[in-house]
Amino acid sequence: MAPFGLCALLLALAISIRPILTHSWVEQLVRIAPNGTMIAPAGYIRGYVGRTEPGFNDAENTYLLPPNGRPDGKVVHSDDRICKATQQIGNYSEDYPMLHVARGDLVALRYQENGHVTLTKSNANVKPDKSGIVYVYGTANPLASDTLLGIHQVWTADGQGGDRRGRLLATRNFDDGQCYQINDTPISKSRQIQASKEAEDPQGADLWCQSDIRLPCDLPRAGTYTLYWVWDWPTLAPETNNQSAVVSPEIYTSCMDINLDDFSQSADQNVNFIHEQDANSRVIYEQLDNNFI
Ligand SMILES: *[C@@H]1O[C@H](CO)[C@@H](O)[C@H](O)[C@H]1NC(C)=O
Ligand SMILES: *[C@@H]1O[C@H](CO)[C@@H](O)[C@H](O)[C@H]1NC(C)=O
Ligand SMILES: *[C@@H]1O[C@H](CO)[C@@H](O)[C@H](O)[C@H]1NC(C)=O
């Protein structure tokens, strides 16, 4: 029998300690050309702190609802804001500006899976298939006081939900079917082959996830418009994948404003997708013709 060596010991530790997964936020927004290529320059969420900033810490961009450590437990309160405190309306810097975009354009919201796709087996809780659902809401009239419960699952695609200040623009699976971080799990390894690419900043060797959406065609030709990205990733009752059987909610949001102008990349053009192109900047074909899963 082989001696119980260091590697085996490390492996045993790795299995017994549940890895602490970091959480996700929108890293970048980019416009999409009709051929399915992401077009620079990128835009950002409000109050974005770049990963290359000195002393960067995940908590600077992460917004979890309900927060940990609430005396009444995992409960969302009616006054919980939909945006992190640092993500105030219009909180932008020169380094991380708003996206410039036109009505009807296709836009990719890019985020890291952070193990929520390739390392799900290490999660002790039962979580939804495809790592939960991302909802994207839009409004031309955001309020600093906007709450999660006033908007999420309340605003509707026809704009008639809740206080009718905004609408549901899109729903997407968090797992977009191709994104990965580099690790040795079977899913990561097979995706590294399926969507192989050269390492390129800012993703490095990983392939970020994306929610690709078409902006409504009835937005103004100028001014700002607000998007709320809401990732709903509840813990479910054991032995079920029933989205309704929520044991405790776990929701992350990113809030962003976009700058509307008249220069469209894709509003009036048919999608003419090029499948064989660099996966670093290729969007997901199946997401381009419908905003809803
Ligand atoms: C797609 O179109 C954009 C904008 O015209 C261009 O920059 C990009 O190189 C094109 N992509 C491919 C793979 O040809
Ligand atoms: C704007 O965002 C930065 C970076 O997250 C943050 O340090 C600052 O406090 C924010 N400003 C406001 C008014 O929230
Ligand atoms: C899912 O769970 C809800 C709430 O517990 C229940 O009412 C519903 O019947 C379940 N649906 C299925 C398909 O099991």
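Just follow the structure's listing: the first ligand is 1, and inside any ligand the first atom is 1.
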Please report the C-alpha distance between Gln88 and Cys83 in whole Å, then the side-chain angles of each, then the deciding distance to 0.1 Å, and finally whether the side chain to side chain contact (heavy atoms under 4.5 Å, CB included) criterion is met. CA-CA 7 Å; Gln88 306 270 336; Cys83 300; over 6 Å; no
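Considering only non-hydrogen protein atoms, atom 13 (C) of ligand 2 sits nearest to Gln88 CG, 4.0 Å.
Where the criterion is an N or O separation shorter than 3.5 Å, residue side chain and backbone included, Gln265 fails it with respect to ligand 1. Note: no N/O pair closer than 3.5 Å links Glu60 and ligand 2 by distance alone.
By the criterion of a heavy-atom distance under 4.0 Å, the backbone of Ala85, and not its side chain, is placed next to ligand 2.
Close approach of ligand 1 to Gln277 is summarised as follows: ligand atoms under 4.0 Å from at least one heavy atom of the residue are 13 (C). Proximity to Ile274 (heavy-atom distance under 4.0 Å) selects the following atoms of ligand 1: 12 (C), 13 (C), 14 (O).
In this structure, Phe273 and His275 have perpendicular ring planes: the angle between them is above 60°, well past the 30° mark. Between His116 and Phe174, the ring-plane angle classifies as perpendicular under the 30° and 60° cut-offs.
When ring centroids are compared, Tyr228 and Tyr137 stay outside the 6.0 Å threshold.
A distance-only check finds a donor-acceptor pair linking the side chain of Arg172 to the backbone of Asp212 [under 3.5 Å].
The heavy atom nearest to atom 11 (N) of ligand 1, out of those in Asp278, Ile32, Asn35, is found in Asn35.
The protein reaches atom 2 (O) of ligand 2 closely, with a heavy atom under 4.0 angstrom from it.
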